[in-house]
Novice: 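Starting off with a structure, shown below.
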Protein chains: 2
Amino acid sequence: MEREIIDRCDTTCIHEEAVREARKQMLSDETAGFLAELFRTLGDTTRVKLLFALMQRELCVCDVTAVIGMSESAVSHQLRILRNQRLVRYRRQGKILYYSLADSHVARLFEQGLEHVTE
Amino acid sequence: MEREIIDRCDTTCIHEEAVREARKQMLSDETAGFLAELFRTLGDTTRVKLLFALMQRELCVCDVTAVIGMSESAVSHQLRILRNQRLVRYRRQGKILYYSLADSHVARLFEQGLEHVTE
DNA sequence: TTAACATATGAGCATATGTTCAGATGTTAT
DNA sequence: ATAACATCTGAACATATGCTCATATGTTAA
């Protein structure tokens, strides 16, 4: 087990204790993957704008295309991605779908992100 | 100006008022871009693990390769990306570089992200 | 049921991204 | 100065991603 750690390091393992600790506390592949997937979803200018618009009010797809100035198809594709990540939800009223944020996490993530970016 | 908004919508603009408001409050292209870039940087399993390891303690590059089980070259490339985004910093001690988190934003972003992912 | 509208979806294409490989750079010890 | 080590970097390649275009789906009104 410790050998395994050392074997992985092809040169010299400088701080075995730190490495052992870090490995013990490390996120599972699955969790790290989900987290990365979430951030990757937020990592696109179109989706950032889209989410930001929805942060203030609900909008139908047509509205969104007007707000962010993209084709309806592009917006629809992006909305699907956001839906899959459970970042947005929608309600239907007739043939119109109204999208809104699914929870408050996005707002908090944006806050933190903006703090980092603008400092 | 209002015409511009309406022109962009090739079908029917359903909620002109909402669209106008949303456009007024919208992030600038630049800010949205920076924000997206930040999240994109967090949107990779390797980098998530790397940052998570550094969240608890500083590590040298060799340690990191051992912790996350990737080649030294891959780790080095990723560290550069994180450096460029000012997410990590390093101090040199002899030939060894010790990396650590640049600020506390990552930790908060991870918190929020994990909450979303695990709920 | 048919036409019109709002939205969704699949395929295709161009670009972006992550890893590997080979070699470069910078630091310390000899 | 030279060798050894820790880390970095550029090029190359395979995969992932975002947009567009054409078409499909679902809803309402006629």
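A quick note: this is a predicted structure, and the numbers were derived from the prediction, not measured. Per chain, numbering begins at 1; letters A, B, ... match sequence-line order.
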Novice: CD of B/Gln78 versus P of D/dT9: gap in Å, rounded?
Specialist: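 In whole Å, D/dT9 P lies 13 Å from B/Gln78 CD.
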Novice: Tell me if the centroids of the rings in A/His116 and B/Phe39 come within less than 6.0 Å of each other.
Specialist: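 For A/His116 and B/Phe39, the ring centres are not under 6.0 Å apart.
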Novice: Any salt bridge linking B/Glu111 with B/Arg108? Criterion: basic side-chain nitrogen under 4.0 Å from a carboxylate oxygen.
Specialist: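 Not counted as a salt bridge, because no side-chain N and carboxylate O are separated by less than 4.0 Å.
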Novice: Would you kindly give the CZ-to-P distance between B/Phe39 and D/dT17, to the nearest whole Å?
Specialist: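 Nearest whole value for this atom pair: 17 Å.
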Novice: What heavy-atom pair brings B/Ala66 and A/Arg23 nearest, and what distance separates the two atoms?
Specialist: O-NH1, 3.0 Å
Novice: Could you check how far CG of B/Leu97 sits from P of D/dA6, rounded to whole Å?
Specialist: 11 Å
Novice: Expressed as a whole number of angstroms, how long is the span from A/Leu82:CG to D/dG18:C1'?
Specialist: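 Taking CG of A/Leu82 and C1' of D/dG18, I get 13 Å after rounding.
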Novice: Given D/dT20, C/dT19, C/dA8, identify the nucleotide with an atom nearest to the side chain of A/Glu72.
Specialist: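 For A/Glu72, the side-chain atoms sit closest to C/dA8.
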Novice: Look at the side chain of A/Ser71 and the base of D/dC21, then say whether one donor and one acceptor between them are separated by less than 3.5 Å.
Specialist: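 For A/Ser71, whose side chain was compared with the base of D/dC21, there is no donor-acceptor pair (under 3.5 Å).
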Novice: Looking at B/Arg80, does any N or O in its side chain come under 4.0 Å of the phosphate oxygens OP1/OP2 on D/dG10?
Specialist: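 Affirmative; the distance criterion is met.
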Novice: Are A/Val64 and A/Gln78 close enough that some pair of their side-chain heavy atoms sits under 4.5 Å apart?
Specialist: no
Novice: What is the distance, rounded to the nearest whole Å, between atom CG of B/Asn84 and atom P of C/dA16?
Specialist: 17 Å
Novice: Would you tell me if any nitrogen or oxygen in the side chain of A/Tyr99 comes within less than 4.0 Å of OP1 or OP2 on C/dA8?
Specialist: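 Affirmative; the distance criterion is met.
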Novice: Rounded off to whole Å, could you give me the CZ-to-P distance for the A/Arg89 and C/dT7 pair?
Specialist: 18 Å
Novice: Would you kindly check whether a donor in the side chain of B/Ser73 faces an acceptor in the base of C/dC21, or vice versa, at under 3.5 angstrom?
Specialist: yes
Novice: Without decimals, in angstroms, what is the distance between A/Tyr90 OH and C/dT7 P?
Specialist: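 That distance rounds to 12 Å.
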Novice: Select one nucleotide: of C/dT27, C/dT19, D/dC8, the one nearest the side-chain heavy atoms of B/Lys95.
Specialist: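 The closest nucleotide is C/dT27.
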Novice: Where each residue is assigned the nucleotide of DNA chain D containing its nearest heavy atom, which of A/Arg92 and B/Ser76 is assigned the position nearer the 5′ end?
Specialist: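 First, find each residue's nearest nucleotide; the 5'-ward one identifies B/Ser76.
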Novice: Check if the side chain of B/His77 and the base of C/dT20 share a donor-acceptor pair of N or O atoms closer than 3.5 Å.
Specialist: yes
Novice: Using the rule side chain to side chain contact (heavy atoms under 4.5 Å, CB included), only one of A/Val117, A/Leu114, A/Val48, A/Thr45 pairs with B/Phe34; which is it?
Specialist: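 That would be A/Val117.
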Novice: Verify the contact: side-chain N or O of B/Arg40 to OP1 or OP2 of D/dA16, cut-off strictly under 4.0 Å; return yes or no.
Specialist: no
Novice: In whole angstroms, how far is the C1' atom of D/dT17 from the CG atom of B/Asp44?
Specialist: 14 Å
